[in-house]
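These notes concern the structure reproduced below.
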Amino acid sequence: MPELPEVETTRQGLLVALEGQVLQDVEVRVPALRFPLPADMATRLAGRTVTGIDRRAKYMLVALDDGQVLLIHLGMSGRMRVFAAGADRPPLEKHDHVIFQTDSGAEIRFNDTRRFGAMDLMAADEINSHPLLRDLGPEPLGNEFSGPVLAARLEGRRTPIKAALLDQKVVAGLGNIYVCEALYHANLSPRRSAHTVQGVRAERLVQAIRDVLRQAIAAGGSSLRDFRHADGELGYFQHHFAVYGRESEPCPRCAATQKATGCIRRLVQSGRSTFYCSRWQR
DNA sequence: ATTGGTTCCTGCTGGC
DNA sequence: TGCCAGCAGGAACCAA
């Protein structure tokens, strides 16, 4: 499930392959993603040079030499796979929806089993007003994210803190996995009403979010089912999950104090699994 | 304004 | 063994 660390890992892999390269040919095999790909996307991309790739939340923004920006979202099963010039290329798969060829002979395949991914084209000066980007909250790893900023965004919200953190308008880039992990490291119950996370609790949560995201990026993201790096390698942060997917196991801190007996519980909040330590998180 | 529920999609899993 | 219902999940959308 690509969240911020997986998107960042993908961005880094794509940047190595694409920066300064010319998109010689773009083939759209299946345009029906989350919404239809722009009908003229292949035409507008052909012959353009990639000048950079940025990331905003879970979106990659591929900058082109003519002032256009290609927005890419991986949805929940999207992958970008780079095949270097001259490298072996396995046959196209069922869910390889978009194929990019560079003039130096590299190929990039966008594969997305569940088709929740998205792509769009815009002008560089539209980035801040684009419907998918304009309402996003602060970047959790950016300077503008802090305890007071998060606290202000949680003020008056009666929804559980777990649900609030999944809302991309509160803070951008978190998904189910890293929200569970961050709440654990901040000792906060996922059920706690969002508006009660103020002051030192908000500071603690911001620190936990930043720490877990930084560590996950350093580990190349998490590979549960679908996620792979652009070169096909697996991320390994899944081995460092404290609570996610570990129902009825002891959490790391309970294990360390030897008071551990299946302290990790699972509950369902707004239709999604939440994992937490029943002893530490309040 | 905020919040909860529904929907899109496919592949895997569990129950009978 | 085989079938199908249920589930997973990011985020837009709708209704209350």
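Heavy atoms only: backbone and side chains are in, while hydrogens, waters and symmetry mates are out. Letters go in sequence order (proteins before strands), and every chain restarts at 1.
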For nucleotides 8-10 of chain C, print each protein N/O atom paired with a nucleotide N/O atom at under 3.5 Å, atom names and distance only.
from	atom 1	to	atom 2	distance (Å)
dA8(C)	OP1	Arg266(A)	NH1	3.4
dG9(C)	OP1	Tyr244(A)	OH	2.6
dG9(C)	N2	Arg114(A)	NE	3.0

Does one side chain, of Asn176(A) or Lys162(A), offer a donor that lies under 3.5 Å from an acceptor on the other?
yes
Asn111(A) and Arg228(A): side chain donor to acceptor below 3.5 Å:
no
Give me each pair satisfying ring-ring contact (aromatic ring centres under 6.0 Å, His included) with a member in residues 12-60 of chain A, each pair once, sequence neighbours excluded.
Tyr59(A)-His73(A)
Distance alone, cut at 3.5 Å: any donor-acceptor contact between the side chains of Gln68(A) and Arg48(A)?
no
Here's one to test your reading of the geometry: is the NZ or CZ of Arg153(A) within 45 degrees of the ring axis of Phe145(A) and under 6.0 Å from its centre?
no
I'd like to know if Glu139(A) pairs up with Arg56(A) as an ion pair, taking the criterion as any Lys NZ or Arg NE/NH1/NH2 lying under 4.0 Å from an Asp or Glu carboxylate oxygen.
yes
Measure CG/Asp135(A) against C1'/dA12(C) and give the value in whole Å, please.
12 Å
Residue from Val171(A), Val200(A), Leu150(A) passing side chain to side chain contact (heavy atoms under 4.5 Å, CB included) with Leu205(A):
Leu150(A)
Sorted by chain and number, sequence neighbours left out, side chain to side chain contact (heavy atoms under 4.5 Å, CB included) with Ile108(A) holds for Leu14(A), Leu18(A), Met80(A), Val82(A), Phe100(A), Thr102(A)
Report which part of the nucleic acid Lys169(A) touches: base, sugar-phosphate, or nothing (heavy-atom distance under 4.0 Å, all strands).
nothing
What's the CG-C1' distance between Asp120(A) and dA11(C), to the nearest Å?
15 Å
Taken in chain and number order and not counting sequence neighbours, the residues that satisfy side chain to side chain contact (heavy atoms under 4.5 Å, CB included) with Ala63(A) are Thr51(A)
How close or far is atom C1' of dA11(C) from atom CG of Leu4(A), stated in whole angstroms?
16 Å
Using a heavy-atom cut-off of under 4.0 Å over every strand shown, decide if Thr113(A) touches base, sugar-phosphate, or nothing.
sugar-phosphate
Between Glu203(A) and Gln207(A): side-chain donor-acceptor atoms closer than 3.5 Å
no
Roughly how bent is the helix from dT2(B)-dA16(C) to dC16(B)-dG2(C) end to end, in steps of 10 degrees, with each end axis from five pairs?
50°
Establish, yes or no, whether the cationic atom of Arg246(A) lies under 6.0 Å from the six-membered ring centre of Phe241(A) and within 45° of the ring axis.
no
Taking 5' to 3' order, which nucleotide of DNA chain B is first and which is last to have an atom within less than 4.0 Å of a heavy atom in chain A?
dT3(B) to dG11(B)
Nearest heavy atom decides the nucleotide; on that basis, is Asp167(A) or His95(A) closer to the 5' end of DNA chain B?
Asp167(A)
